[in-house]
Amino acid sequence: MKKLSVKDLSKPIILVAFFLILTILRPSSFLTVGNLGNVLWSVSIYGVMVSGTIFVFLLGGIDLSIGTLCGLTGVTCVMTIRAFGYTPAGVIAGIAAALAVGLIAGLIHGLIITTFRVPAFLVTFATQTIYLGLSMILTNNKILDCTSPALFTSIGKNPVPIILMAVAALISWYVLRKTETGRYVYAVGGNDQAAAISGISVRKITIMAYMISGFTTAIGGIILSSMTQQGMASNGSGYEQYVIMAGVIGGISLLGGEGTVPGAIFGAMIIGLLQNGLNLMSVPSTQHGLVRGLVIIAAVGFDALQRDTKFQSWLAKRRQARAAGKSAA
Amino acid sequence: MANNEIILEAKNIYKSFSGVPVLQDVHFEVRKGEVHALMGENGAGKSTLIKIITGVYSKDAGSIWWEGKEVQVNSYADVQKLGIACIYQELSVEPPLTVAQNVFLGREPRKFGLIDHRKMIKDTEELIARYGFPLKADELVANLGIGLRQLVEILKGLSCDSKLLIMDEPTASLSGKEAESLFEIIEKLRDQGVSIIYISHRLEEVYRLSDRLTVLRNGQNAAVLNHEQIEPRLVIKTMIGKEVDESAGSAKEMRKNNNEVVLDVKNFSDEIGMFKDVSFQAHRGEILGFGGLIGAGRTELMRAIYGIDKHKSGTATLNGVELKYSPKESIKAGFGFVPEDRRNQGFIPLLSTVKNVALTNYDIVKKNGTSISDKDERDMGIRAIKQIDIRPDNPDKEVGLMSGGNQQKVVLGKWIQRDLKVLIVDEPTAGIDVGAKDQIYSILEDLASQGIVVIIVTSDLQELIRVSHRILVMRKGSIIKEFDSGIVTQSMVLEAGSGIVD
Amino acid sequence: MKQQTLRRFISLGMLVALCIFFSVLSKSFLTPNNMLEIVRDAAVPGIIGVGVTYVIITSGIDLSTGATMALVAMVMANIYKYTLIPIPIMILIGIAVGIVCGVLNGLVVAKLHLPEFIGTLATMGIFRALTYIIAVKDANGTISSVAMSHSSYAILGKGFGRIYFVSIAFVVITIIGQIILKYTRFGTNLYAVGANPKAAELSGIDIAKTRIIAYIVVGFCAAIGAIFTTGRLQSTTALLGEGFEFNPIAASVIGGVSLAGGYGEIIGTFIGAIFMAALENGVLKLQMNTAYQYVIKGAIIILVVIFDAWFNSVMEKKAQEAAAGKEA
């Protein structure tokens, strides 16, 4: 079997170091079951979302719309439940409706990107505002409360979100690590021309990836609306940043072809622990961006410096092709 | 205009890469105002010599003299300062800028700190007029075809008062008309005293243009010929080496194999005429070689049969069943394809040997339900490493970090795991060391002996003759010659590909 | 030239069509006063769009412009509130802060080699957090809006009647921006770096320097935007410019600047910014839910992007045919 290298071990070590530092700094409050449960709870949505969006990242694409799509799917879910009179059947219908919205959004992204060969950045940059607008229209800019039934509110209470994150991560890990489809995702992300010559349908894989991203975003939207017990257009806005940061900290290359689900979950954990640690140290959440930004610059900058120079020119070329929308993803 | 004043002289140049000598005591000189062609087979050392002259590589021994003085060149910038401009195959023009902006990029004329467009355009127009280029100074380069873009680059070189232009296969991607106008321009430049080093495989061009010709063979000077000595057959003999041509491996008896026809291609044509009305058949267990010059349409033909690119008309059938012209379906039908551009199309650089080998073979890798058996996948990778002798034999090493030879072995390795009927290999040994070449040949021979049709497209004549059982030569999109019996030599193939047909 | 000119006319045509559409539906849309209002609303995103266009031409992106505005404004608010430094000096310090932000972005991207998207996403968080850290707090320690109501500062929000100073600045900066792009080596280098960095390098262009200067221009423009915005509001908050980074990018995309790098002009961004402002204005005039703005904006961006992809492929094909035609 492959030997473990320093690089493989760096993530667990960093995670343990974080734990130690926070335990030492806040011995009474950090290492408690309640607090760790909180950390996982707050990370769960990012964890679920990154488990799906990783497919897009691995193709070298990007999905900027997941934040507002998270809001739109949450609104969809809540409105459906309300329309069904807060019944458990309504919850099932609401979940189904939210997931359908997520899948359709992903399908639209995939179709536009592959058919017209336009950069994913621009497409999802545009749909980002469209989804926000749709949510605002649907809710008429109001907050829609939804405090029952218990079937709905329990989705956002521990341990359900943690379980959902675990399940989403496991399935995603399984697909990417164990199945043919997963192998094809890495191949297309690593070199789409070679993948096409090897008989892989780049278009199909691309559309699938955006649909998976939409699907997990919808799960995130459902969890978020249950946590807050409301449907609100601005719910989830900005989450795309956290998800992208989680992925990047977890070693995913936005150029595609590189990254793993455990890495992405690790990234989400780091984001959560940072947030939690800063909270415990009474740093207002508005100032977390400073630490987060520095962590990202350090992590990605370090990666860029470490990277073998042989890859550099190849990657630079690839980046240009990506930007030009020549590649499918 | 050519006089005997020597402008550039490279004396006693030696260069070796990791112990393998590439240039040995090479002498090369260019006179003022002459077109000096540089020819040689692939691997003869032409591009290494040019890279030493332009400061890209350092030389192991020898000296370079420019206008009578010895010079040290360590970078392309040094060379530019001397007055040498290199026209690369991969063009370095800026499409969003105008011709004038490209020509003066980085040293635009300025007035009061602002770019003086009027002067820039005027100067460019003067240059254009002086050399008679069919360009307009204010035209966007994005709107120009590849041939005119090349002229922009030449103009850029000339605008720095270059006295020597180096052109590396300048007609490789030009149409006949474009090439013709390039020749006229080269002649004009020569008449104005500019020296030109012209590297080409195409005899007819060299014959037409060059005042003198230096031939390299196996990293050594083979001959320097004057224009009147440039006789195609003689040049070919010099390039290949008489003794080599008659020794084993460089000439071989071709034989048509009379097994059943496996692949039958009829009247294949594409939209833009890269290949026109091509028909051929390939038989069970034969290695069918495709010879011809770069740009003859061989690669395009193979890509279209396999289904990467579209074709306009014609059919290709495998054992009587028409292909569906998509890579996925072709693979299902029993095709394998090793592309010409290995780096960009051959493999996934970030993935390991195991995963690259398995990429086309997940239909035969064992699975539990949907779960790929890591062990079986790995075993396949390790088997491939053994079969094709990849060294070091680390199955987890990223293919992007391996040598060219090993990369190509991985690409081949993934196909030989399958039950193939036809394997198409395009320039399979380009940029690969000799040891790996031999191994690749024996793999191909082995495959053929198992009854597989191997189609090899190669510009390496020695390779073509050595490997092929039968040879088809393409020229300008058509098959113009078939060698299916009798002794065939490199010269015969080269003559056919260059259009010197009896 | 032709392709760019054609593309510019298409942007203009879209703008005219939009105006006709709204003027048919609303009598108060096509009035001189309303038109001047639109130009004013377009001004700040348009000014920042000048810098952002430079960065996009080099095939980069800048997500930190909104946060840069906030930081610049908050530094000035501190100066205003706690010092006796005169207004003009305060403004100069604000501009300096914007430039420093630009330098940081440039270093992160060009020296640390972070992908532009990630690098400026990180600095966006950093600038915003710094804004909160230095935010002016009231006696209870809560952050609130800071008044900057000095009469000489408030002038920045005014103009000659409805010809606002910010509109004048918009036009002037656009013209200067276009002149720099067309008439300086730096401008030419932007295109060269964006289209074919290898060729640029062979021509002796310093790629890192070019990219850093482009980000500095963005920082400068964001500072100008912050100064006019706070001058008009006569106050600032730590939230200033949140989500604002979207607008200059959208303006340049609508104006035909290609995210692939190498193509685009400031004029395009100018038209794009006015287009966005006209759209917002028209939606308000029709008394539609502002939410429709978002949907329409997004839909238009998608259509423009698809159109550009199609337009470019047609142009490319035409150029190829023209080249082939010369042969025939």
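Proteins get letters first, then strands, A, B, ... in listed order; numbering begins at 1 in each.
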Any side-chain to backbone donor/acceptor pair from Asn196(C) onto Glu94(B)? Under 3.5 Å, distance only. no

Going by salt bridge (charged side-chain N to carboxylate O under 4.0 Å, His left out), name the residues that satisfy it together with Glu180(B), two or more places apart in sequence or in a different chain. Arg208(B)

To check you understand the geometry: which heavy-atom pair defines the closest contact between [X] and [Y], and what is its length?
{"X": "Thr188(C)", "Y": "Leu97(B)", "value": "CG2-CD1, 3.7 Å"}
{"X": "Glu108(B)", "Y": "Arg185(C)", "value": "O-NH2, 2.6 Å"}
{"X": "Pro96(B)", "Y": "Gly262(C)", "value": "CB-O, 2.9 Å"}

So do Ser203(C) and Lys156(B) actually touch side chain to side chain, heavy atoms under 4.5 Å? yes

Inter-residue atom distance Leu140(B).CG - Tyr263(C).OH, 0.5 Å rounding: 7.0 Å

So, taking the atom named NZ in Lys182(C) and the one named CD1 in Ile115(B), what distance separates them when rounded to the nearest 0.5 Å? 10.0 Å

With a 4.5 angstrom heavy-atom cut-off, which part of Leu202(C) approaches chain B: side chain, backbone, both or neither? both

Atom OH of residue position Tyr183(C) - does it have more than 12 heavy atoms of other residues, nucleotides or ligands inside 6.0 Å? no

Other residues, nucleotides, ligands: >12 heavy atoms within 6.0 Å of Lys209(C) NZ: no

With sequence neighbours excluded, tell me which residues meet side-chain hydrogen bond (donor to acceptor under 3.5 Å, both in side chains) with Asp116(B). none

With sequence neighbours excluded, what pairs up with Asn189(C) under the side-chain hydrogen bond (donor to acceptor under 3.5 Å, both in side chains) test? none

Heavy-atom pair count under 4.5 Å with chain B, highest-scoring of Thr184(C), Ile205(C), Ile180(C): Thr184(C)

Among residues 213-220 of chain C, which residues come closer than 4.5 Å to chain B, judged by heavy atom distances? none

